[in-house]
Amino acid sequence: MGALPRLSRLLSAIEWGLSTLAAIAMFAVMITVILDVTMRYVFAAPLAWSYDLISLYLMVAVFFLALGDTLHHHGHIAIDLLQPHMPMRLRHIGETIGYALTTVLVAMIAWEAWERMATAFANSEVTPTIIQWPTWPAYFFVVIGSLSLMLRAAYRTIGHLASAIAGHAPVELPPPPETELSAGETSA
């Protein structure tokens, strides 16, 4: 077995774990909202901390922790107007360029989030609210999610470059859009 499939499986395991944490965060959002609404309208005692918890930590976790897994499953928006009409090697070259640029951009986001998290942690920064929540955990979710996305994009960069050179695909191309699938066919 080649190095690329092993690397993809390792990344998949990490992405699955992060997506599971994102799902738990989403469940926590739902439970917190239900509890807040119940407390507000049944007991006239809303939870003063619910909005801060949801907006500062939980929604950031939901979004960023699922990024790598979403890319792994081709769940991000893609414009593929010309791609189906291109020769295979040219498609892989295009994917290589796109994923290389993505890797660099997301690495810059991760680096900036890391610096911001380190500053928030070192300065013991907190929110100016009733409960003074520390701000660094929110940046931590951004760092972890961005690193996951960056690693998957770097993997795809290497894989598509290898595919362009070798003429066969060690990494998969995105599946065709649902509108191009014939009746009864699925995009497994």
Taking the side chain as C-beta and beyond, is there a heavy-atom pair between L90 and P87 under 4.5 Å? yes
Heavy-atom nearest pair, I93 first then A164, reads CG1-CB, 3.7 Å
Considering only heavy atoms from C-beta outward, does the side chain of T127 approach that of L56 to under 4.5 Å? yes
Check whether more than 12 heavy atoms from other residues, nucleotides or ligands sit under 6.0 Å from atom CD1 of I31, and answer yes or no. yes
Geometric class of the H92/H160 ring pair [parallel <30°, tilted 30-60°, perpendicular >60°]: tilted
How many angstroms lie between atom CG of L149 and atom CG of L65, to the nearest 0.5 angstrom? 12.0 Å
Does G68 offer a backbone N or O that forms a donor-acceptor pair with the side chain of H72 under 3.5 Å? no
Atom pair CZ (F121) and CH2 (W114), whose distance is rounded to the nearest 0.5 Å: 10.0 Å
If you count every heavy atom of other residues, nucleotides or ligands that lies below 6.0 Å from W111 atom CH2, does the total exceed 12? no
Under 4.5 Å between any side-chain heavy atoms of I165 and L161, yes or no? yes
I'd like to know if L10 and Y99 are part of one continuous hydrophobic network [Ile/Leu/Val/Met/Phe/Trp/Tyr, side-chain heavy atoms within less than 4.5 Å]. yes
Is there a donor-acceptor pair under 3.5 Å between the side chain of R156 and the backbone N or O of L71? yes
Does any N or O in the side chain of T135 come within less than 3.5 Å of the main-chain N or O of A120, such that one atom is a donor and the other an acceptor? no
According to the side-chain hydrogen bond (donor to acceptor under 3.5 Å, both in side chains) rule, which pairs have a member within residues 24-39, sequence neighbours left out? D36-R40, D36-S50
Can you hop from M26 to I34 via hydrophobic side chains spaced under 4.5 Å? no
All heavy atoms of A22 vs all of V62, minimum pair found to be O-CG2, 3.6 Å
If hydrophobic clusters are built by linking Ile, Leu, Val, Met, Phe, Trp and Tyr wherever their side-chain heavy atoms come under 4.5 Å apart, do I54 and Y41 end up in the same one? yes
Drop me the distance from S148's OG to D69's CG, to the nearest 0.5 angstrom. 7.5 Å
Check whether V42 and M30 end up in the same hydrophobic cluster, where Ile, Leu, Val, Met, Phe, Trp and Tyr are linked by side-chain heavy atoms less than 4.5 Å apart. no
Distance from L151 atom CG to L7 atom CG, nearest 0.5 Å? 8.0 Å
What heavy-atom pair brings I109 and S146 nearest, and what distance separates the two atoms? CG2-OG, 3.6 Å
Between L101 and L105, is the side chain to side chain contact (heavy atoms under 4.5 Å, CB included) condition met? List the steps. CA-CA 6 Å; L101 293 173; L105 178 65; over 6 Å; no
Only residue of V33, L53, L35 satisfying side chain to side chain contact (heavy atoms under 4.5 Å, CB included) with L47 is L35
Where S19 and A66 come nearest, the two heavy atoms and their spacing: OG-CA, 4.1 Å
What distance do E95 atom CD and S163 atom OG have between them, rounded to the nearest 0.5 Å? 10.0 Å
Show the nearest heavy-atom pair for residues M117 and Y139, with the distance to one decimal. CB-CB, 3.4 Å
Single-linkage hydrophobic cluster, 4.5 Å side-chain cutoff, W16 and I14 together: no
As an exercise, state the distance from OG1 of T70 to CZ of F63, rounded to the nearest 0.5 Å. 8.5 Å
Short side-chain donor-acceptor distance under 3.5 Å, S8 and R152: yes
Y57 and W133: aromatic ring centres closer than 6.0 Å? yes
Looking only at heavy atoms, the pair that brings G145 and L67 closest together is O-CB, 4.2 Å
